[in-house]
Amino acid sequence: MVIYERDIAVDMGTSNTLVFSQGKGLVLREPTVVAVDKVKDRMLKIGEEAKKTLGRTPANVVAIHPIRAGVISDYDMSALMLRELVSRITSFSLFKPRILMCVPSSITGVEERAVIDAAIEAGARRVYLVETAVATAIGAGVDIKKPDGHMVVDIGGGTTDIAVVSMGGVAECESIKTAGSTFDEAIIRYIKKKHNMLIGAMTAEEIKINIGGLYPRSDVPESIEVKGRDLIKGLPKTVSVTAEELVDVLREPARLILENIHAVLERTPPELIGDLSVNGMILSGGGSMLYGVDRMIEDSTHIRTMIVDDPLACAAHGAGKLLNKLDIMQDGMMNFLRNREMRN
């Protein structure tokens, strides 16, 4: 009897990597962080364990994000991390698993090849690619095979993907580097400018989650104590940051996302725009959990905007549903960007 490994779907994003195993569901959810020993040139930790070392490593150890702006920036570390994650959920067998990888709609041919090679190095028998926007729409329960337009806005850690999905593909899209980490950077700059204090990215993220929002909030404390380093004296310092003052700070990067949503809407065919007014807009990704994002988009576009039930894992669940259709899908290079340009 020939035993095949279960097929696997992977959503490897800038901030988090999620792995879906056929028949088991979502089995892994880890931060996309790798701790590397620079002297010995080897991987020490991955995922949650590596994230805890950010900003706390000795000189010979560095914690890196191998995925930048949704695509591979450090091939070797990405392949090693993917291999480690795949090995956690597979056992030794003669036939390796097939792997379905989620990729941004704006991915180039070179970047596609890097994803495929990394997955093969991680132990894939065959590699299939699906656009994150398509996977998100499926995860949100949309029947993408119909000639019916649905808009997906995926605000991840490093990129925001804005796409109009119809008939199983992406009709129009835009990918920008304004995303969750941009909100964190805006908080860091603000505290540095106002309080002469430097804080780390993880502290900024905690501030954003705890009291951040694009509108005034009544469900959180008015202010929180923030610890950092005094830029003048070089000593530890604590300041108070209010939820109200963060509204203007976070609205600046949010406006850039809003501008690009409008740009995609302007390029979308009128028939699909008519569909969007009925079907609404789907919001996913960790950045969509920022208080008031859906309200701000809806107020500006007058299109009903809905945040999916599990914003972080929606694409992974959608890709997981596609594992049943791998037999009829094309493996290898898809050339999403080139095919879209030729079509236009």
Side-chain angles (χ1 to χ4, degrees), residues 10-19 26-89 114-115 118-119 121-123 155-159 177 179-189 191-192 197-212 224-231 234-239 241 285-287 289-290 311-313 316:
V10 180
D11 179 16
M12 200 169 187
T14 305
S15 298
N16 295 284
T17 296
L18 297 96
V19 182
L26 196 63
V27 289
L28 284 176
R29 189 191 299 230
E30 294 278 359
T32 312
V33 184
V34 179
V36 183
D37 187 328
K38 292 189 292 182
V39 177
K40 297 180 180 178
D41 194 26
R42 64 188 180 91
M43 185 176 70
L44 299 176
K45 300 174 185 288
I46 68 165
E48 193 63 49
E49 289 185 348
K51 186 178 181 181
K52 291 175 183 176
T53 69
L54 283 170
R56 297 184 174 95
T57 56
N60 65 308
V61 178
V62 59
I64 61 170
H65 290 274
I67 306 291
R68 294 282 181 186
V71 294
I72 291 175
S73 62
D74 189 320
Y75 174 80
D76 292 334
M77 288 304 121
S78 297
L80 283 171
M81 181 175 180
L82 195 55
R83 182 192 297 172
E84 171 65 23
L85 293 175
V86 170
S87 69
R88 289 184 187 180
I89 61 169
V115 171
E121 202 168 312
I155 308 174
T159 57
K177 293 179 181 178
S181 59
T182 314
F183 292 109
D184 300 339
E185 289 161 11
I187 293 172
I188 292 171
R189 285 196 305 271
I191 291 177
K192 183 179 179 181
M197 189 178 86
L198 186 64
I199 62 171
M202 290 182 70
T203 303
E205 187 178 21
E206 287 174 13
I207 296 169
K208 177 183 70 177
I209 293 169
N210 290 329
I211 63 169
I224 60 171
E225 298 293 310
V226 179
K227 298 176 181 178
R229 188 179 79 228
D230 192 312
L231 288 170
L235 300 172
K237 183 179 179 180
T238 302
V239 299
V241 178
M289 296 160 70
L290 178 64
L312 289 171

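Start at 1 with the first residue, then count along the sequence.
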Heavy-atom closest pair, residues [X] and [Y]:
| X | Y | result |
| --- | --- | --- |
| Ala179 | Gly158 | CB-C, 3.6 Å |
| Leu26 | Ala313 | CD2-CB, 3.8 Å |
| Ala63 | Val33 | CB-CG1, 4.3 Å |
| Ala118 | Ile72 | CB-CD1, 4.0 Å |
| Thr203 | Lys227 | CG2-O, 4.3 Å |
| Glu49 | Thr53 | O-CG2, 3.5 Å |

For the side chain of Ser78 and the backbone of Asp74, is there at least one donor-acceptor N/O pair under 3.5 Å apart?
-> yes

Indicate yes or no for a side-chain donor-acceptor contact from His65 to the backbone of Thr32 under 3.5 Å, with no hydrogens or angles considered.
-> yes

Under 4.5 Å between any side-chain heavy atoms of Lys177 and Arg68, yes or no?
-> no

Would you say the side chain of Thr17 lies within less than 4.5 Å of the side chain of Val10, judging by non-hydrogen atoms?
-> yes

Who are the side-chain hydrogen bond (donor to acceptor under 3.5 Å, both in side chains) partners of Glu48, not counting sequence neighbours?
-> none

Is a salt bridge present between Lys192 and Glu185, judged by a nitrogen-to-oxygen distance below 4.0 Å?
-> no

Distance from Glu30 atom CD to Leu18 atom CG, nearest 0.5 Å?
-> 9.5 Å

In Å, rounded to the nearest 0.5 Å, how long is the span from CD1 of Ile64 to NZ of Lys38?
-> 11.0 Å

So with a 6.0 Å cut-off around CZ of Arg229, is the heavy-atom count from everything else above 12?
-> no

